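Bear in mind that the values here come from a model prediction, so they are computed numbers and not experimental data.
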Amino acid sequence: MSLVPMSDILEKANKGGYAVGGFNMNNLEALQAIIEAAEEENSPVIVQASEGAIRYIDMEYAVAMAKAAGEKASVPVALHLDHGSNFEKTIQCIRNGFSSVMIDGSKLPFEENIDVTNKVIEAAHAVGVSVEAELGKIGGTEDDHTVEDKAATMTDPDEAVEFIEKTDVDALAIAIGTAHGVYKGDPELDFDRLKTINEKVDIPLVLHGASGVPNDDIAKAIELGINKINVNTAFQQAFTAKMREVLEDPDVYDPRKICGPARDAMKEKVIEKIRLFGSNDKA
Ligand code: G3H
Ligand code: ZN
């Protein structure tokens, strides 16, 4: 089937009390790993590309690859822009065929975040594209997007209510103590904050920076209302670890013999996450 808006997938997850992975595509093999895993697990899936990934792959290649994957797949697939940095970038993705975009206005003052989110929503919803926004600042690094520890701020539950009242956003990324990339210490999630936000807000909530979060904490976050979980670093690590292993043999030179096993290793990781998030057999 063709690419579906992310809201189709997340509304069901919200009702069903499970989460769907927002899995980052950084190259063809990553996309194949995500789709193969989702099909094997009969899971809906959100394939997402950051601005850095789009620069690396090329916009037209990225969309063509994801569209082909969506059309061939037996499960619903959304193509989502991860951390769109401004209005223009989100519109470029919509114009090129993304079925969903994130506008990350978390670095802006509250009112400006609302304004830019509304601007994107007006254009996106007019053509059936769903929108994720972010409130609070998630620490760590992803691509060229870094938030220093001291600048990271948790999402204020009352601000979340006001944000939802003033926008028609489809999903909201919240900051409750996770960070992008490799964790320096153990992540400490503020579950009380998540519980409060979820009691006050009824749209799907998104957890970013989930790679280094222990499984028990992920399960608890889903129980408390998280419906989309973003994973990138853990997949990159699985992919690269397998490449290193294969490359120990100095006679290997065929890229397919290096990238193929790396793709399989990533696929196993994706399957593990799908089962943990509870989206298996929900397609
Ligand atoms: O937006 C993408 C994610 O939040 C991924 O974070 O690389 O820490 O898994 P991660
Ligand atoms: Zn993120």
Side-chain angles (χ1 to χ4, degrees), residues 1-26 30-49 66 69-82 98-102 130-132 170-174 176 178 189 191 194 197-198 201-236 238-239 263-283:
M1 68 186 97
S2 48
L3 296 169
V4 301
M6 184 176 76
S7 49
D8 286 8
I9 293 174
L10 292 187
E11 272 163 27
K12 288 185 191 139
N14 196 10
K15 285 194 191 104
Y18 58 92
V20 177
F23 297 145
N24 284 73
M25 151 176 94
N26 291 302
L31 173 65
Q32 291 172 321
I34 295 166
I35 298 293
E36 281 175 26
E39 287 199 291
E40 266 182 43
E41 290 300 308
N42 192 31
S43 169
V45 73
I46 299 157
V47 174
Q48 51 189 26
E71 268 153 31
K72 287 182 77 172
S74 55
V75 296
V77 179
L79 175 62
H80 178 69
L81 168 65
D82 190 25
F98 277 60
S99 62
S100 184
V101 292
M102 175 181 186
S130 50
V131 179
E132 172 184 341
D170 301 290
L172 184 68
I174 54 170
I176 55 165
T178 57
L189 271 60
F191 290 112
L194 169 57
I197 296 170
N198 191 45
V201 158
D202 58 6
I203 66 164
L205 299 174
V206 185
L207 189 70
H208 281 243
S211 283
V213 178
N215 289 356
D216 287 352
D217 284 357
I218 292 288
K220 198 166 173 189
I222 296 169
E223 223 178 272
L224 292 173
I226 292 290
N227 294 128
K228 174 178 182 255
I229 302 182
N230 285 10
V231 182
N232 185 15
T233 303
F235 297 150
Q236 294 179 323
F239 193 92
R263 174 178 62 196
D264 294 344
M266 176 172 162
K267 177 179 155 188
E268 286 315 307
K269 235 329 153 216
V270 178
I271 289 176
E272 194 185 302
K273 299 293 179 192
I274 286 174
R275 291 183 186 167
L276 176 64
F277 300 168
S279 66
N280 46 318
D281 290 324
K282 300 290 193 311

_Euclidean distance, Asn230 CG relative to Lys273 NZ, rounded to 0.5 Å_ = 12.0 Å
*Report yes or no: does Gln48 contribute a side-chain atom to a donor-acceptor pair with the main-chain N or O of Gly22 at less than 3.5 Å?*
yes
*Sort and list the pairs that fulfil salt bridge (charged side-chain N to carboxylate O under 4.0 Å, His left out) and have at least one residue in residues 36-45, not counting sequence neighbours.*
Glu36-Lys267, Glu40-Lys267, Glu41-Arg275
_Non-hydrogen atoms of Phe191 and Ala221 that approach each other most closely_ = CE2-N, 3.9 Å
*What's the spacing between Ser211 OG and Ile229 CD1 if we round to 0.5 Å?*
11.0 Å
_Testing the basics here: between Asn232 and Asn26, what is the closest heavy-atom pair and its distance to 0.1 Å?_
OD1-ND2, 3.1 Å
*Show your working on side chain to side chain contact (heavy atoms under 4.5 Å, CB included) between Val201 and Ile203 and close with a plain yes or no.*
CA-CA 6 Å; Val201 158; Ile203 66 164; 3.8 Å; yes
*Rounded to the nearest 0.5 Å, what's the gap from CD1 on Ile271 to OG on Ser43? Could you check?*
10.5 Å
_CZ-CG distance between Phe239 and Asp264, expressed to the nearest 0.5 angstrom_ = 10.0 Å
*Checking side chain to side chain contact (heavy atoms under 4.5 Å, CB included) for the pair Glu272/Lys269: CA distance, chi angles, key distance, verdict?*
CA-CA 5 Å; Glu272 194 185 302; Lys269 235 329 153 216; 3.3 Å; yes
_Spacing of Lys72 atom NZ and Met1 atom CE [to the nearest 0.5 Å]_ = 15.0 Å
*Give a yes or no answer on whether the side chain of Ser130 reaches the backbone of Ser100 with a donor-acceptor pair at less than 3.5 Å.*
no
*Please step through side chain to side chain contact (heavy atoms under 4.5 Å, CB included) for the pair Asp82 and Met102, ending with a clear verdict.*
CA-CA 6 Å; Asp82 190 25; Met102 175 181 186; 4.1 Å; yes
*asked:* Lys282: which residues meet the salt bridge (Lys or Arg N to Asp or Glu O under 4.0 Å) condition with it, sequence neighbours left out?
replied: none
*Has Asp202 got more than 12 heavy atoms of other residues, nucleotides or ligands less than 6.0 Å from its CG?*
no
*Can you name the one residue among Val47, Val270, Val75 that meets side chain to side chain contact (heavy atoms under 4.5 Å, CB included) with Ile35?*
Val47
*What closest approach, in Å, do Phe277 and Val231 show between heavy atoms, and which atom pair accounts for it?*
CZ-CG2, 3.9 Å
*Working to the nearest 0.5 Å, report the span between CD1 of Ile46 and NZ of Lys228.*
5.5 Å
*Please lay out, stage by stage, how Val77 and Ile34 fare under the test side chain to side chain contact (heavy atoms under 4.5 Å, CB included).*
CA-CA 10 Å; Val77 179; Ile34 295 166; over 6 Å; no
*Backbone N or O of Ala210 within a donor-acceptor pair of the Thr178 side chain at under 3.5 Å?*
no
*Does Leu205 reach the side chain of Ile174, with side-chain heavy atoms less than 4.5 Å apart?*
yes
*asked:* Quick check: closest heavy atoms across Ala66 and Leu3, and the distance to 0.1 Å?
replied: O-CD2, 3.6 Å
_Nearest non-hydrogen partners of Ala19 and Ser279, listed with the distance_ = O-CB, 3.3 Å
*Would you call Val4 and Ser99 a side-chain contact if the rule is heavy atoms closer than 4.5 Å?*
no
*Is the closest side-chain heavy-atom distance between Asn24 and Phe235 below 4.5 Å?*
no
*Can you tell me which residue pairs pass the salt bridge (charged side-chain N to carboxylate O under 4.0 Å, His left out) test with a partner in residues 206-224, sequence neighbours excluded?*
none
*Taking all non-hydrogen atoms of both residues, which atom of Asn227 and which atom of Leu10 are closest, and how far apart?*
O-CD2, 3.4 Å
*Evaluate the side-chain proximity of Leu207 to Ile218: yes if any heavy-atom separation is below 4.5 Å, no if none is.*
yes
